[in-house]
Protein chains: 2
Amino acid sequence: MLSQKTKYAFSALTYLATHAGNGPVLIEEIAENRKISKKFLENILLELRKAGICGSKKGKGGGYYLIKAPADIQLSKIIRLVNGPISLVPCVSLHYYEPCGDCADEKSCKLRSIMMDVRDSALQILENRTLADLLD
Amino acid sequence: MLSQKTKYAFSALTYLATHAGNGPVLIEEIAENRKISKKFLENILLELRKAGICGSKKGKGGGYYLIKAPADIQLSKIIRLVNGPISLVPCVSLHYYEPCGDCADEKSCKLRSIMMDVRDSALQILENRTLADLLD
DNA sequence: TATATACTCTATAAATAAAGTAGATTATTA
DNA sequence: TAATAATCTACTTTATTTATAGAGTATATA
């Protein structure tokens with residue numbers, strides 16, 4: 001399941017997307033409108049900024065803003081960043097690979113090959129859906 | 001990601017499947033062969049039994065055994081039982097539905113409809129793969 | 001340049017979930 | 001009745017998630 005943090009990230013990003021063009025948006029404004037703890041949201045937005053998904057400006061008139069068009073922000077990217085791997089097992093993860101150590105040989109592991117199929121079918125969707133698809 | 005417990009469940013069930021026909025298998029035997037804490041495995045097997053996936057017998061000559069053919073045990077069933085929902089959000093779960101409360105209207109929620117697609121594509125695979133597919 | 005503003009950073013606390021453990025109990029076999 | 005092996009309830013430990021605190025830094029503008 002997606003963590004609460006991930007759902008907050010989606011919520012904050014769609015807020016930014018629908019309020020684009022009027023300059024940066026205050027963390028506080030997003031927090032109030034989307035019912036997210038301001039301090040927690042600070043962490044999330046910072047993470048999104050470091051990943052190049054949004055930009056920020058300090059001081060008066062500052063705030064957060066999207067750095068790319070919503071249609072260029074894949075849901076898979078947001079999920080990976082905030083939630084973690086999309087795969088169900090680490091030995092199949094494209095971005096967070098780890099040997100699982102449960103099987104003798106990864107290449108011939110039956111569970112692994114099924115989990116690759118599941119991963120691919122999820123990615124097929126999540127790589128082709130973007131922030132733009134979340135807007136009304 | 002699948003929990004360690006879920007991976008243990010797969011491991012124990014494949015052990016049972018490959019040792020079928022010689023009568024019940026001791027928890028201890030599975031635990032030793034599959035490197036699982038015996039006490040933890042007890043909990044897991046009990047859960048699998050209560051869900052009708054395997055049966056057990058007490059006393060001498062007792063142990064655990066599969067109650068159905070491996071080909072009749074869907075991976076989706078095992079995952080749901082031990083790991084929880086297959087969906088990424090509760091408002092889309094077929095077996096663990098809960099309103100997520102994050103959106104105003106569930107029916108028109110864009111994220112929800114994407115998450116339904118992800119769920120369906122995962123189920124397409126996990127409902128059609130069984131314990132038999134995990135055996136060598 | 002002083003001041004208010006608003007994001008940034010590091011650290012920690014609290015809550016929840018996952019993993020693992022203990023020991024008494026019950027059913028079965030021989 | 002003695003030995004065996006699953007069952008049940010409860011608890012402990014560890015890890016993760018969620019949330020909070022407060023000092024620090026950059027910016028705008030008067």
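Only this structure's heavy atoms are used, side chains among them; waters, hydrogens and symmetry mates stay out.
Here the P atom of nucleotide C/dA18 and the CE atom of A/Met1 are 11 Å apart, to the nearest Å. Rounded to whole Å, the distance from CD1 on B/Ile36 to P on C/dG20 is 10 Å. Summarising the geometry, the separation between NZ on B/Lys7 and P on C/dA18 is reported as 14 Å, rounded to the nearest angstrom. One can place CD1 of A/Ile44 at 14 Å from P of C/dT8, the figure rounded to the nearest angstrom. The distance between atom CZ of A/Phe40 and atom P of C/dA15, rounded to the nearest whole Å, is 15 Å. Remark: P of C/dC9 and CD of A/Glu47 are 12 Å apart, rounded to the nearest angstrom. Put simply, NZ on A/Lys5 is 17 Å from P on C/dA17, counting in whole angstrom units. Atom CD in A/Gln4 sits about 6 Å away from atom P in D/dA19, given to the nearest Å.
The backbone N or O of B/Phe10 sits nowhere less than 3.5 Å from a side-chain atom of B/Tyr15 that would complete a donor-acceptor pair. Without hydrogens or angle criteria, B/Arg119 side chain to B/Val92 main chain gives a donor-acceptor distance under 3.5 Å.
Neither OP1 nor OP2 of C/dA19 sits under 4.0 Å from any side-chain N or O of B/Ser37. For the pair A/Tyr8 and D/dA19, the criterion of a side-chain N or O lying under 4.0 Å from OP1 or OP2 is met.
Shown here is A/Lys68, whose NZ atom has more than 12 heavy atoms of other residues, nucleotides or ligands within 6.0 Å. Heavy atoms from other residues, nucleotides or ligands lying under 6.0 Å from CD of A/Gln124 number 12 at most.
The distance from the CG atom of B/Leu13 to the OG1 atom of B/Thr130 is 11.5 Å, given to the nearest 0.5 Å.
Between B/Lys39 and B/Glu42 a salt bridge is recorded (basic side-chain N to carboxylate O distance below 4.0 Å). The residues B/Arg34 and B/Glu29 are annotated as not salt-bridged, no charged nitrogen and carboxylate oxygen being separated by less than 4.0 angstrom.
A/Ile114 and A/Ile125 sit in two unconnected hydrophobic clusters of ILVMFWY residues. Membership requires side-chain heavy atoms under 4.5 Å apart, directly or through other members.
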Protein and nucleotides 5-15 of chain D: nitrogen or oxygen contacts under 3.5 angstrom:
residue : atom : partner : partner atom : Å
D/dA5   : O4'  : B/Gly59 : O            : 3.4
D/dA6   : OP1  : B/Ile27 : N            : 3.1
D/dA6   : O3'  : B/Ser56 : OG           : 3.3
D/dT7   : OP1  : B/Arg49 : NH1          : 2.4
D/dT7   : OP1  : B/Ser56 : OG           : 2.6
D/dT7   : OP2  : B/Tyr64 : OH           : 2.1

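The ring pair (Phe, Tyr, Trp, His ring centres under 6.0 Å) contacts involving residues 39-64 of chain B comprise B/Tyr8-B/Phe40, where partners must be two or more places apart or lie in separate chains.
Against DNA chain D, the stretch residues 78-96 of chain A makes no heavy-atom approach under 4.0 Å.
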